[in-house]
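One structure below.
Because the structure is predicted, anything quoted here is derived from the model rather than measured.
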Amino acid sequence: MLMISIFSMKQPRGAEQRSTTRHAQSSWPVRYRMLLVLVCILCSAACVGDTDPRVSALQGHLQSQLQTKLQALQLEHSFPGATLGVAMPDGSSFGLAVGLADKSGVVMRTDHLLLAGSVGKTFAAAVALDLVSEGRLGLDQPVSNWLDSNEGYSRLPNAADITVRMLMNHTAGIPDNVADLEFLDAIFSAPDRVWKPWEMVSYVLDEKPNFPAGNDFHYTDTHFILLGMIIEAVTGALYYDELQKRVLEPFSLDVVPADRRRIKRLANGYPGTSVEAVLKGYGTDWDGTPSPAGASTQVLVDGEFVINPQFEFTGGGLASTAEALARWARLLYEGKYLSSSMIATMVGGTSEKGQNYGLGVYTAYDPELGQLYGHSGFMPGFRTQMTYFADHGFAVAFQTNTNEGTGLLGPPVAEIVATLANVILDGFLTN
């Protein structure tokens, strides 16, 4: 759903910093060279079998250090529970967990699913770019080519001028349907309702555009809901079926659609106040708008979501394990799903108002950690950060089942991921 501040890192200052070219080994700090040694050991183990004691020792040491740090972070930030996924340069991956999946006493497990929020946009963007690769969709095609058969399309802000690319990089200027309080009221008044994408978009019809199409950057879920509609128009299939066929099944990712109120293995989420106050705060600067008496302060009641998370659709719309997201980050940004040229198109984005956003991906550069690609996500009761460290070839995903203690819009979740990434890099100096 929401993604405002992706990384608490410095933004790229020049073309040389935006480059994804690996640093020469001789220029790496000691801790980075140690990571390279680890990769060499892991890769050589593939030739002699996966029982090499050196590999087991290094992996065990790393997981132990990360578990200790994860427990310390839980105490520092007071989140009920969290999961961590790591995908290493050799292709191996693992998950860790800490705390509670439900305050009734259910211990968080690595196979618990948490709502990933706007990280789901990375999947929708990848499917759309796959269609571009197949020649079935053009980034600079007018959106009207695919959607003008919808009743009232001409009333969509900037309807005649927006392109597929503008939807994907949030420069189309269309207001956010999730910021409309009438829409949010409808979600809570009819929690079992299954929303059609155009029904959600209809809440921004006749509104004034945020700016002329292509002239600025403004992040909205509506852009990606429209992109999901285009995917379905191009393929003649439901988006989730295309995602399953193209991505989830081939790569065996433990990711499921958040398209119903009951989702197996879903951890309970704790917004810190009522679900309604947090969600409605989306359109009111998170000012803690009061909710009706008795409104739920947890997302699951008797195993059922208090609203239908299906309203996210391709603005998010997925529940996942952290390990699956870490694996996805490496698969995606290393060109295992899309071609390297298409990835270059994806990450080469706009730099409006200090934001660096490609096609469904935020980018940043940090002097210590190098070039970063990824996305954050929010849903009431859940925060997610998925980051690929391009200069070092590994990915980290962190998910927690609260909005409290991690900052509603601020950088703490990104800082947690940066802290854990440093553990991965520093952890080998003692070996």
Side-chain angles (χ1 to χ4, degrees), residues 1-2 117-118 120-121 123-125 127-128 131-132 136-139 141-210 213 218-244 257-261 279-280 282-283 305 307-318 359-360 379:
M1 179 183 168
L2 174 68
S118 283
K121 289 182 174 70
F123 290 86
V127 172
L131 294 172
V132 172
R136 301 170 67 184
L137 181 64
L139 286 174
Q141 283 181 333
V143 171
S144 59
N145 284 11
W146 298 103
L147 301 185
D148 67 355
S149 62
N150 290 278
E151 183 178 357
Y153 177 82
S154 62
R155 297 162 51 203
L156 184 71
N158 292 333
D161 302 318
I162 53 177
T163 65
V164 174
R165 188 190 302 271
M166 291 176 191
L167 296 180
M168 296 181 70
N169 64 16
H170 296 291
T171 62
I174 301 172
D176 201 340
N177 68 290
V178 190
D180 188 286
L181 292 181
E182 289 186 11
F183 175 62
L184 297 177
D185 282 337
I187 289 173
F188 283 94
S189 64
D192 288 317
R193 178 173 176 176
V194 176
W195 291 83
K196 295 179 180 179
W198 188 249
E199 290 176 335
M200 296 185 285
V201 173
S202 69
Y203 282 84
V204 303
L205 298 182
D206 298 321
E207 289 193 17
K208 182 180 178 180
N210 290 321
H218 184 75
Y219 183 100
T220 75
D221 276 12
T222 315
H223 291 147
F224 267 70
I225 291 172
L226 290 165
L227 181 67
M229 293 177 65
I230 291 172
I231 291 171
E232 293 189 340
V234 173
T235 63
L238 296 176
Y239 164 70
Y240 285 123
D241 290 343
E242 284 295 311
L243 179 64
Q244 182 69 33
D259 61 350
R260 63 203 64 190
R261 295 182 66 187
L279 189 55
K280 287 189 174 182
Y282 182 97
F305 214 101
I307 55 176
N308 191 347
Q310 177 267 346
F311 76 87
E312 269 201 306
F313 189 44
T314 41
L318 298 172
L359 304 179
M379 271 289 278

Mind checking the CE-CZ spacing from M200 to F311? Nearest 0.5 Å is all I need.
-> 9.0 Å

Pick one: which of D148, L167, N158, L227 meets side-chain contact (heavy atoms from CB on, under 4.5 Å) with V143?
-> L167

Y239 side chain to I231 backbone, donor-acceptor under 3.5 Å | no

Step by step, work out the side chain to side chain donor-acceptor pair (under 3.5 Å) result for E151 and W198.
-> CA-CA 9 Å; E151 183 178 357; W198 188 249; over 6 Å; no

Any I307 side-chain heavy atom under 4.5 Å of L279 side chain | yes

Given side chains that start at C-beta, do those of L156 and V204 come closer than 4.5 Å, heavy atoms only?
-> yes

Roughly how far apart are F313 CZ and L226 CG, rounded to 0.5 Å?
-> 10.0 Å

Looking at G173 and H223, what are the two nearest heavy atoms and their distance?
-> N-NE2, 3.7 Å

What are the two closest heavy atoms between L139 and M168, and how far apart are they?
-> CD2-SD, 3.9 Å

Return the orientation label for the W195 and F183 ring planes: parallel under 30°, perpendicular over 60°, tilted otherwise.
-> perpendicular

CD1/I225 to CD/E312 distance, rounded to the nearest 0.5 angstrom?
-> 9.0 Å

CD1-CD1 distance between I174 and I162, expressed to the nearest 0.5 angstrom | 3.5 Å

From CA spacing to verdict: side-chain contact (heavy atoms from CB on, under 4.5 Å), M229, N150 | CA-CA 10 Å; M229 293 177 65; N150 290 278; 3.7 Å; yes

Minimum side-chain heavy-atom gap L184-V178 below 4.5 Å = yes

Just by modelled atom types, is the V201 backbone N or O under 3.5 Å from a matching donor or acceptor in the N177 side chain?
-> no

Where is the tightest heavy-atom contact between M166 and A213, given as atom of each residue plus distance?
-> SD-CB, 3.8 Å

Answer yes or no: is there a donor N or O on one side and an acceptor on the other, between the side chain of E199 and the main chain of K196, under 3.5 Å?
-> yes

Side chains of F224 and H170: closer than 4.5 Å at any heavy-atom pair?
-> yes

Apply side-chain contact (heavy atoms from CB on, under 4.5 Å) to the pair L243 and L318, showing each step before the final yes or no.
-> CA-CA 11 Å; L243 179 64; L318 298 172; 3.8 Å; yes

How about D180 and E207: do any of their side-chain heavy atoms sit closer than 4.5 Å?
-> yes

For residues E242 and A237, report the shortest heavy-atom separation together with the two atoms involved.
-> OE2-CB, 3.5 Å

Closest heavy-atom pair, S154 versus A159, reported as atoms and distance to 0.1 Å, is O-CB, 4.0 Å

Can you check whether A160's main-chain N or O pairs, donor with acceptor, with S144's side chain at less than 3.5 Å?
-> no

Write down the atom of D192, the atom of N308, and the distance for their closest heavy-atom approach.
-> O-ND2, 4.1 Å

Under the 3.5 angstrom rule, does the side chain of S118 hit a backbone N or O of K121 as a donor-acceptor pair?
-> no

Separation of Q310 CD from Y240 OH (nearest 0.5 Å) | 7.0 Å

